[in-house]
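Worksheet for the structure shown next.
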Amino acid sequence: MDLVESYAQDLRFARKSFTRALLGLVLLAVVAFPWVAPDYMVFIATLVALYSIGVMGQNILIGYTGQISFGQAGFLAIGAFAFGHLRIWGAPFLLALVGAGTVAALAGILVGFPSLRLKGPYLAIATLGFGVAVYQIFVNWEVLSGGRSGLAIAKLKPMLGLSPVRYEYYVYVLLLAGFTLATYNLVSSYVGRAFVAIRDADIAAEVNGVNLTRYKLLSFAISSFYTGVHGALYAQVLGHIEPQIFNILESITLFVAVIIGGVASIEGSILGALFVILVPKVFSNFREMVPVVYGVTILLVLIFEPLGLFGRWLKTRLYFQLWPFR
Amino acid sequence: MGDLLEVRDLSLNFGGITALQDVSVSVAEGETLAVIGPNGSGKTSLFNCVTGIYRPTAGGVAFRSESVLGRTPDAITRLGIARTFQNLRLFHNMSVLDNLMVGRHLHFRKNFLTALLRARGEEIRHRRRCEEIIEFLNLEPVRKSRVADCPYGVQKRVELGRALATEPRLLLLDEPVSGLTQEEKDESAYWIHEIRGRFGITVLLVEHDLRVASRLADRMVALDHGVKIAEGTPAEVQRHPEVIKAYLGE
């Protein structure tokens with residue numbers, strides 16, 4: 001029987017025993033994965049983990065706050081190169097990660113200023129401009145980008161006797177778990193409510209005491225922090241970065257992941273990341289078809305399942321909850 | 001004077017259109033004042049000027065002898081003015097409870113770290129206040145429902161509750177009973193009356209339904225084409241020749 005007896009109980013993380021059991025199973029599977037899957041699959045899972053962080057950040061901005069941004073490639077590049085330089089100067093991994101996120105967050109605040117005036121497609125164009133500008137700056141400013149040869153980043157030294165691939169997987173999955181938990185907490189707090197309020201009715205949010213300037217910029221800052229960390233983790237995995245990696249397609253990929261995974265859904269962000277990583281792998285023999293797959297999937301999702309993959313999961317769950325009554 | 005809200009010679013122009021012209025209205029602490037007038041007479045514009053959504057072209061608005069001009073809407077709400085909207089502006093994808101919790105936003109002790117770490121003391125404290133409002137407005141059955149799924153009458157109540165959650169001293173109600181059934185209108189009138197009695201909140205109300213308006217209001221102001229044409233007791237205003245002309249024509 002699902003009976004809530006206090007407000008505190010109502011706010012508990014994973015309140016229902018079913019949710020807790022499911023969560024336990026997922027965690028078990030995630031921990032066991034590298035011991036049963038080949039190294040190649042483990043590497044792909046690592047990519048999914050780091051993309052999930054970026055998609056989650058993008059979802060905070062697009063899904064929760066309702067501010068369309070196409071400038072994510074810019075934040076990715078800023079995060080990646082900040083991370084690269086910090087690592088080359090000898091900063092330890094975690095410190096460089098926080099540094100990369102912080103630099104990206106500061107850039108995010110700057111980009112957020114147009115959002116105080118612009119809405120919808122106009123904001124999308126302004127942020128698109130930012131992404132392209134950052135790309136051009138890195139391509140043309142060799143001091144930042146390391147020139148033609150790019151930046152080389154030292155691999156992580158595995159600990160606990162794990163193989164490098166497994167070690168990286170566990171580090172990234174742990175980071176993803178941290179970010180996921182923080183995101184859950186954030187969106188269920190007063191901050192998350194302010195974000196959704198701005199998305200659903202900005203004037204009403206303002207009249208109810210939500211400072212639009214502060215919370216729009218905060219949303220941009222948090223989102224670009226996530227994206228900066230994504231960029232940094234990506235740089236670490238690749239071991240070598242050059243500006244050409246962070247072109248406009250990266251922005252679009254993150255956007256696609258948000259829409260397909262599910263707008264304003266954390267689980268959806270992970271599903272979306274899974275999608276944009278797996279599709280290019282599955283279609284690796286027809287690489288030029290990948291954008292077509294994205295486009296068609298977005299159309300299908302918007303027509304048949306506006307809540308994305310996560311919405312499909314919700315409906316499936318409802319089906320079993322109501323079974324055999326339909 | 002001791003007036004809670006004082007609007008002095010307020011004018012508002014949009015390009016060539018005059019929405020308000022030299023309107024002066026004052027609301028005393030504890031009273032209920034109704035603003036009436038035909039469509040497009042500037043009632044909502046007056047509200048928008050008071051709550052900081054529009055910047056008036058000339059004139060002043062003072063709340064507790066403090067000017068509100070130049071402040072952002074959220075800062076004005078923090079001073080103690082709350083409002084509802086004529087065409088409902090709710091947070092449609094949130095639950096009824098969360099809508100009210102947004103109303104509590106300005107009373108939260110804000111600390112980003114507690115938000116990240118799920119320290120929920122503040123949530124629980126404010127939830128208690130929201131539950132009082134939920135009980136007052138009979139919203140218990142829909143507490144966790146998505147607002148978009150609720151019927152119109154309930155949505156109107158949610159908006160009223162959200163405004164109450166900010167704990168205002170002055171409540172601006174923009175057509176609180178429009179679009180409701182007769183029964184709902186009577187209920188709403190009772191609640192508005194109770195808001196004044198139980199919470200001691202001063203009410204400024206825009207209303208087309210003159211029956212409800214005159215039942216609730218101590219005083220009445222009539223606007224037409226952005227100009228104040230009458231002021232007095234509800235009976236006086238409704239008998240005023242200018243008001244009759246505005247509503248019925250020559």
Sub-4.5 Å side-chain heavy-atom contact between [X] and [Y]:
| X | Y | value |
| --- | --- | --- |
| B/Asn93 | A/Arg199 | yes |
| A/Ile198 | B/Phe91 | no |
| A/Asn185 | B/Leu117 | no |

| Inter-residue atom distance A/Leu11.CG - B/Arg127.CZ, 0.5 Å rounding |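 The CZ atom of B/Arg127 is 7.0 Å from CG of A/Leu11, to the nearest 0.5 Å.
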| request: First locate atom NZ of B/Lys110, then atom OG of A/Ser189, and finally report the distance between them rounded to the nearest 0.5 Å. | output: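 Result: 11.0 Å between the selected atoms.
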| query | Is a side-chain donor or acceptor of A/Asp200 paired with a backbone partner of B/His92 at a separation under 3.5 angstrom? | reply |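 A pair under 3.5 Å: yes.
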| Can you check whether A/Val207's main-chain N or O pairs, donor with acceptor, with B/Thr77's side chain at less than 3.5 Å? |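 Judged by distance alone, yes, a pair lies under 3.5 Å.
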| request: Compare every heavy atom of B/Val102 with every heavy atom of A/Ala197, then report the nearest pair and how far apart it is. | output: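 Closest approach of A/Ala197 to B/Val102, heavy atoms only: CB-CG1, 4.1 Å.
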| request: Identify the heavy atoms of A/Arg193 and B/Met94 that sit nearest to each other, and give their distance. | output: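 Closest heavy-atom pair between A/Arg193 and B/Met94: O-CE, 3.2 Å.
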| Do you know which of A/Ala182, A/Gly192, A/Ser188, A/Ala194 has the most heavy-atom pairs under 4.5 Å to chain B? |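 Answer, by heavy-atom pair count under 4.5 Å with chain B: A/Ser188.
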| Contact leader toward chain B among A/Asn211, A/Leu212, A/Val191, where contacts are heavy-atom pairs under 4.5 Å |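 The answer is A/Asn211.
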Ion pair present between [X] and [Y], side-chain N to carboxylate O less than 4.0 angstrom?
| X | Y | answer |
| --- | --- | --- |
| A/Glu206 | B/Arg89 | no |
| B/Asp74 | A/Arg214 | no |
| B/Lys144 | A/Asp10 | yes |

Counting only heavy atoms from other residues, nucleotides and ligands, does the tally under 6.0 Å from [atom1] of [X] exceed 12?
| X | atom1 | value |
| --- | --- | --- |
| A/Tyr122 | OH | no |
| B/Glu140 | CD | yes |
| A/Lys119 | NZ | no |
| A/Ile303 | CD1 | yes |
| B/Phe112 | CZ | yes |
| B/Arg8 | CZ | no |

With chain A as the partner, which of [options] has the greatest number of non-hydrogen pairs under 4.5 Å?
| options | value |
| --- | --- |
| B/Ala82, B/Ala163, B/Pro73 | B/Pro73 |
| B/Ile76, B/Thr114, B/Thr166, B/Asp98 | B/Asp98 |
| B/His126, B/His107, B/Glu131 | B/Glu131 |

Answer with side chain, backbone, both or neither: which region of [X] has an atom nearer than 4.5 Å to a non-hydrogen atom of chain A?
| X | value |
| --- | --- |
| B/Arg78 | side chain |
| B/Arg128 | both |
| B/Asn111 | backbone |
| B/Leu116 | both |

| field | Side chain / backbone / both / neither for A/Ala205 at chain B, heavy atoms under 4.5 Å | value |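 Both parts, backbone and side chain.
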| query | So which part of A/Leu218 gets closer than 4.5 Å to some heavy atom of chain B, the side chain, the backbone, both or neither? | reply |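 For A/Leu218, side-chain heavy atoms alone lie under 4.5 Å from chain B.
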| Would you call the rings of A/Tyr215 and B/His105 parallel, tilted or perpendicular, where under 30° means parallel and over 60° means perpendicular? |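 Rings of A/Tyr215 and B/His105: perpendicular, as their planes differ by over 60°.
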| field | Worked check of side-chain contact (heavy atoms from CB on, under 4.5 Å) between B/Glu122 and A/Tyr190 | value | CA-CA 9 Å; B/Glu122 281 290 282; A/Tyr190 71 92; over 6 Å; no
